[in-house]
Structures are given as C-alpha cells and as structure tokens.
Amino acid sequence: MAARTFEMEPDERILLKETSVGEGDWSSCKGELVLTDRALIYVDRGLFGGFRGYTRFRLDEITQALAGTSPNGSHQLEVYHKDGQDNFVFGSAGKRRSVEWKNAIDGQLVRLGRMVADAPEREDDGGRGVAEAIGSVARTGGVIVGGIVRGVGQAALGFVDGLGVTGHDRKPDTPDGRDDALSKLEQLRDLGVLSPEEYEEKAAKLRDE
C-alpha cells in the first residue's frame with residue numbers, strides 16, 4: 001500500500017524534493033519538503049513515517065526565502081509569505097540544503113516576476129553558475145536597490161527575447177558570443193526562468209543566426 005502524501009493540481013510539476021525535513025525551530029526531521037512550479041509543500045510525518053497532513057504554500061503568496069539560523073544554532077530555510085513565516089530544518093548538510101532550497105525558490109519567484117531579496121547565493125558565497133546567471137539578468141534589466149532585485153522577471157524576458165544584453169544593443173553575432181548566450185540560456189532553463197520548450201525555441205533561433 002502506497003504511503004499517503006500530498007495532492008497536486010493538474011499539470012503541476014515537481015521540481016525539487018527532500019526527505020528528513022522538519023518544520024519549526026525544534027522539530028524532528030521526519031517530514032518532506034517539495035517544490036513544484038506552483039507551490040512549496042511540507043508533508044508532515046510522524047515518528048514512524050505515518051502521514052499527518054501537509055501544508056501548501058502557493059508561490060504567488062511567498063514573498064521571500066532566506067537561508068538563516070534557528071535559535072538553537074541550526075541552519076534553516078526561512079520562508080516568508082502572506083500569513084507570516086515558516087522555518088524548515090534539514091536532517092543533514094543543513095547549510096548547503098538551506099542555500100540550495102533558497103536558490104530554487106528564488107528561481108521560481110523570478111519566473112513569476114516577483115520581487116526577490118538578494119541574488120541567488122552559494123554556500124561559499126563566492127561561486128558562479130546559477131547566482132551568476134541571475135546576477136547577469138538582473139544587471140541587464142532589473143534595478144538593484146539596497147540588495148533588492150526589482151523587475152528580474154521582465155529582465156529575464158528581455159534577455160532571452162533579445163538573445164543579447166538588454167540595454168546595450170549587443171548581439172551574440174560571433175561564435176564566442178553565441179556560446180556565451182547559449183550558456184546563459186541553459187542556466188536560465190536550469191533556474192526555472194525558462195521552460196524546456198522555451199529554451200529549445202530560443203536556442204534554435206540563436207544557432208540559426
């Protein structure tokens with residue numbers, strides 16, 4: 001018999017899933033955390049894995065996600081939404097997991113065109129990759145004020161539609177330029193700003209130029 005779990009909406013896609021997660025500062029890590037393209041879902045399970053219900057946080061109601069620290073010193077994922085704040089702790093590698101989940105949620109908020117606090121970060125706070133991709137998009141079309149990235153969704157749209165650097169009138173009309181643009185498209189796809197279909201369409205146009 002399959003274990004009871006959460007319900008999904010039609011055509012909803014799971015993007016990230018983690019077991020051994022707890023909700024609250026002092027909870028045991030017996031639950032599950034799931035990120036879809038529409039919501040963040042926490043599945044509460046008892047000591048022996050029994051289903052105790054689930055909580056669904058719609059992405060359009062989430063305002064911010066942070067990798068923070070709980071009162072007992074554990075690293076945690078802090079999720080802020082219209083009804084307040086919920087904290088999630090991970091059974092292992094708490095700092096790395098918190099940063100990964102924060103970045104994943106940020107990616108979906110960017111896709112929805114919402115305000116995102118801080119650019120996506122790495123555990124070492126100095127890596128490249130996803131953080132660099134979003135930072136590039138923010139610089140080309142968003143407005144960065146006091147650490148708040150505004151209009152990142154619109155910036156991403158302008159970037160991929162132009163296949164270049166918005167606001168500077170440059171096109172990737174050299175082999176190196178095309179490779180660089182393709183790399184950025186891949187990072188935007190991996191971040192969730194572009195769907196696989198949108199990525200293929202933009203990449204095909206780029207290759208044909």
Side-chain angles (χ1 to χ4, degrees), residues 4-10 12-47 49-123 125 130-131 134 138 142-154 156 191-193:
R4 291 185 60 192
T5 186
F6 59 93
E7 296 180 358
M8 294 180 62
E9 298 176 352
E12 187 173 9
R13 295 186 302 120
I14 293 177
L15 305 176
L16 190 61
K17 187 175 181 180
E18 183 103 18
T19 58
S20 300
V21 180
E23 183 180 22
D25 297 332
W26 304 94
S27 64
S28 60
C29 298
K30 302 295 182 182
E32 301 169 14
L33 197 60
V34 181
L35 178 65
T36 76
D37 57 352
R38 301 181 191 177
L40 180 69
I41 302 167
Y42 176 71
V43 182
D44 188 17
R45 295 196 179 277
L47 184 61
F51 179 77
R52 298 171 58 181
Y54 70 93
T55 306
R56 183 181 178 93
F57 306 92
R58 291 182 56 87
L59 290 177
D60 58 10
E61 296 177 346
I62 293 176
T63 58
Q64 184 177 359
L66 293 176
T69 305
S70 70
N72 65 5
S74 300
H75 294 284
Q76 65 182 13
L77 172 69
E78 301 173 2
V79 178
Y80 297 84
H81 48 80
K82 70 179 187 66
D83 295 322
Q85 173 185 351
D86 280 80
N87 302 325
F88 302 95
V89 294
F90 300 87
S92 62
K95 182 178 181 180
R96 178 164 58 87
R97 291 285 188 268
S98 297
V99 170
E100 290 173 353
W101 277 83
K102 182 254 188 209
N103 287 345
I105 293 170
D106 279 0
Q108 293 307 301
L109 296 181
V110 167
R111 180 179 62 83
L112 294 173
R114 297 179 62 80
M115 184 186 301
V116 181
D118 299 325
E121 63 189 64
R122 297 287 289 254
E123 182 182 358
D125 199 32
V130 169
I134 256 317
V143 178
I144 302 177
V145 181
I148 303 298
V149 180
R150 301 174 185 272
V152 175
Q154 289 80 359
L191 185 64
V193 175

A.B. asks: Aromatic rings Y54 and F6: how do their planes relate, parallel, tilted or perpendicular, breaks at 30° and 60°?
C.D. replies: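 Aromatic pair Y54/F6 classed perpendicular.
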A.B. asks: Check whether any side-chain N or O of T63 sits under 3.5 Å from a backbone N or O of Y80 as a donor-acceptor pair, and report yes or no.
C.D. replies: yes
A.B. asks: Can you name the residues that form a side-chain hydrogen bond (donor to acceptor under 3.5 Å, both in side chains) with R58, not counting sequence neighbours?
C.D. replies: D60
A.B. asks: Considering non-hydrogen atoms only, spot the tightest contact between R111 and D37 and give its length.
C.D. replies: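 Shortest heavy-atom separation between R111 and D37 comes out as NH2-O, 2.5 Å.
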A.B. asks: Minimum heavy-atom separation for A65 to D106, with atom names?
C.D. replies: O-OD1, 4.2 Å
A.B. asks: If you define the side chain from C-beta out and look only at heavy atoms, does anything of L77 sit under 4.5 Å from I105?
C.D. replies: yes
A.B. asks: To the nearest 0.5 angstrom, please state how far the CD1 atom of I62 sits from the CD atom of Q108.
C.D. replies: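 Spacing of CD1 (I62) from CD (Q108) equals 10.0 Å.
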A.B. asks: Find the distance between CD (E9) and CZ (R38) and round it off to the nearest 0.5 Å.
C.D. replies: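 Result: 5.0 Å between the selected atoms.
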A.B. asks: Just how far is it from atom CD of E78 to atom CD of Q85, taken to the nearest 0.5 Å?
C.D. replies: 5.0 Å
A.B. asks: What verdict does the side chain to side chain contact (heavy atoms under 4.5 Å, CB included) test give for R45 and F51, after you've listed the backbone C-alpha separation in whole Å, the side-chain angles of each residue and the deciding distance to 0.1 Å?
C.D. replies: CA-CA 5 Å; R45 295 196 179 277; F51 179 77; 3.7 Å; yes
A.B. asks: At what distance, to the nearest 0.5 angstrom, does CD1 of I14 lie from CE of M8?
C.D. replies: 4.5 Å
A.B. asks: Quick check: do D86 and L40 have side-chain heavy atoms less than 4.5 Å from each other?
C.D. replies: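 No, too far: nothing below the 4.5 Å cut-off.
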A.B. asks: Between T69 and H75, is a side chain to side chain contact (heavy atoms under 4.5 Å, CB included) present by the stated rule, with each step listed?
C.D. replies: CA-CA 4 Å; T69 305; H75 294 284; 4.2 Å; yes
A.B. asks: Is R56 salt-bridged to E12, cutoff N-O under 4.0 Å?
C.D. replies: yes
A.B. asks: First locate atom NZ of K30, then atom CG of D44, and finally report the distance between them rounded to the nearest 0.5 Å.
C.D. replies: 12.0 Å
A.B. asks: Measure across S98 and Q76 and return the closest heavy-atom pair with its distance rounded to 0.1 Å.
C.D. replies: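 Shortest heavy-atom contact: OG-C, 3.3 Å.
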A.B. asks: Nearest heavy-atom pair of T36 and L59: which atoms, and what distance?
C.D. replies: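 Closest heavy-atom pair between T36 and L59: O-CD1, 3.6 Å.
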A.B. asks: Heavy-atom count around E7 CD within 6.0 Å, excluding the residue itself: above 12?
C.D. replies: no
A.B. asks: Identify the two heavy atoms, one from F88 and one from E23, that lie closest to each other, and give their separation to 0.1 Å.
C.D. replies: CE2-CG, 3.8 Å
A.B. asks: CH2 of W101 to CZ of F90: how many Å apart, nearest 0.5 Å?
C.D. replies: 6.5 Å
